[in-house]
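Chain letters run A, B, ... following the sequence lines, proteins first, then strands; residues in each count from 1.
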2 protein chains.
Amino acid sequence: MTDNTPVECCERVTVHPEVVEQVRRNMPDEDTLYHLTELFHVFGDSTRMRILYVLFASEMCVCDIATLLGMTQSAISHQLRLLKSMRLVKARREGKTVFYALADDHVKTIINQGLDHVNE
Amino acid sequence: MTDNTPVECCERVTVHPEVVEQVRRNMPDEDTLYHLTELFHVFGDSTRMRILYVLFASEMCVCDIATLLGMTQSAISHQLRLLKSMRLVKARREGKTVFYALADDHVKTIINQGLDHVNE
DNA sequence: ATAACATATGAACAAATATTCATATGAGCA
DNA sequence: TGCTCATATGAATATTTGTTCATATGTTAT
């Protein structure tokens, strides 16, 4: 009870202050962890993942993506907006249609890394 | 209207059949995409991300992790179960306490890859 | 200006999931 | 055996978030 401000949770007799302190010092800042989580979060939805994977092949208009994935234009558009806000895709307008493409090679790299892990 | 089974969504006059067909052929199988999404999904939560990051430094008991993150033992335990089921962490019992550690280096690799991207 | 079409978007709804609460399990010790 | 502590877990709750629906915006052509 006299050790470093234990949180209300359990008795905390077993807390190892040295380890806790050492780890606390090496934690990356809140911001970095937040952005990191946010990044992975975007890849953690099957609709968004499929959109990104589809764009591996070529840029594509919203309508084509929707057709390909068998989903409504609206659903795809909402997700594209999120992907764009995360700078994972970019948009190019050509007349009435808007073509989306992967923003850069980071996306491919990250997804391929994940694939490596999934394929053991 | 005579092209390949357009989905109810919009008029679909702009659909590009060649592109759609080409992409459709190169899509990875459902299973792979599912597992891939599931993997990223685990990293897409700040509690789990922080748990994993904490374990970068050393193995740690549930109580210490809860103290470190300022969360209840129960919340941490639930997340650890999920992480364990995904084989991202492993558990080792020593008397009353259970120590958790990263299952292998894949976890570090994936997270570091993400960090690279976040840090531009 | 009006019509037609591709895309974007706000609000409502539905589904998924993280956390809490109460309690069970399991281990060490008197 | 009975007690204490660390962890696990089921059920309820609260929150987040993906999709739908209706409609707005922006572009081209007549």
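- Residue A/Tyr100 places at least one side-chain N or O under 4.0 Å from the OP1 or OP2 atom of C/dA8.
- For A/Cys63, taking side-chain heavy atoms from C-beta onward, the closest of the listed nucleotides D/dA8, C/dT7, C/dT9 is C/dT7.
- Checking side-chain atoms of A/Arg48 against main-chain N and O of A/Arg50 turns up no donor-acceptor pair under 3.5 Å.
- Within residues 37-50 of chain B, the residues that have a heavy atom under 4.0 Å from DNA chain C are, in order of number, B/His41, B/Asp45, B/Thr47, B/Arg48.
- Minimum atom distance to the side chain of B/Thr97 is reached by D/dA6, of the listed C/dG10, D/dA6, C/dA18.
- Listed for the A/Ser77 side chain is no donor-acceptor partner under 3.5 Å among the backbone atoms of A/Gln73.
- Considering NZ of B/Lys108 and CG of B/Leu102, their distance stands at 6.5 Å, rounded to 0.5 Å.
- Atom CD1 in A/Ile65 sits about 14 Å away from atom P in D/dT19, given to the nearest Å.
- Between the P atom of C/dA18 and the CG atom of B/Leu80 lies a distance of 13 Å, rounded to the nearest Å.
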Report task. Spell out protein contact along nucleotides 20-30 of chain D as letters: B when the base is contacted, S when just the sugar-phosphate is, - when no protein heavy atom is under 4.0 Å; keep the 5' to 3' order. Result -> BB----SBS--
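- Taking 4.0 angstrom as the limit, B/Gln79 places a side-chain polar atom (N or O) nearer than this to OP1 or OP2 of C/dT19.
- The structure places CZ of A/Phe99 at 10.0 Å from CD1 of A/Ile65, a figure rounded to the nearest 0.5 Å.
- Remark: the backbone N or O of B/Asp104 is not paired with any side-chain donor or acceptor of B/Arg87 at under 3.5 angstrom.
- Rounded to an integer number of Å, the gap from CZ of B/Phe99 to P of C/dG26 is 20 Å.
- Rounding to the nearest 0.5 Å gives a distance of 10.0 Å between NE2 of A/His41 and OH of A/Tyr34.
- Annotation: B/Phe43 is not in aromatic contact with B/Phe40 [ring centroid separation under 6.0 Å not met].
- Atoms CG (B/Leu82) and C1' (D/dA8) sit 14 Å apart, rounded to a whole Å.
- Of all heavy-atom pairs between A/Leu36 and B/Leu115, the closest is CD1-N, 3.5 Å.
- The distance from atom OG1 of B/Thr72 to atom NE2 of B/His78, rounded to the nearest 0.5 Å, is 8.0 Å.
- Atom P of nucleotide D/dT17 and atom CZ of A/Arg81 are separated by 14 Å, given to the nearest angstrom.
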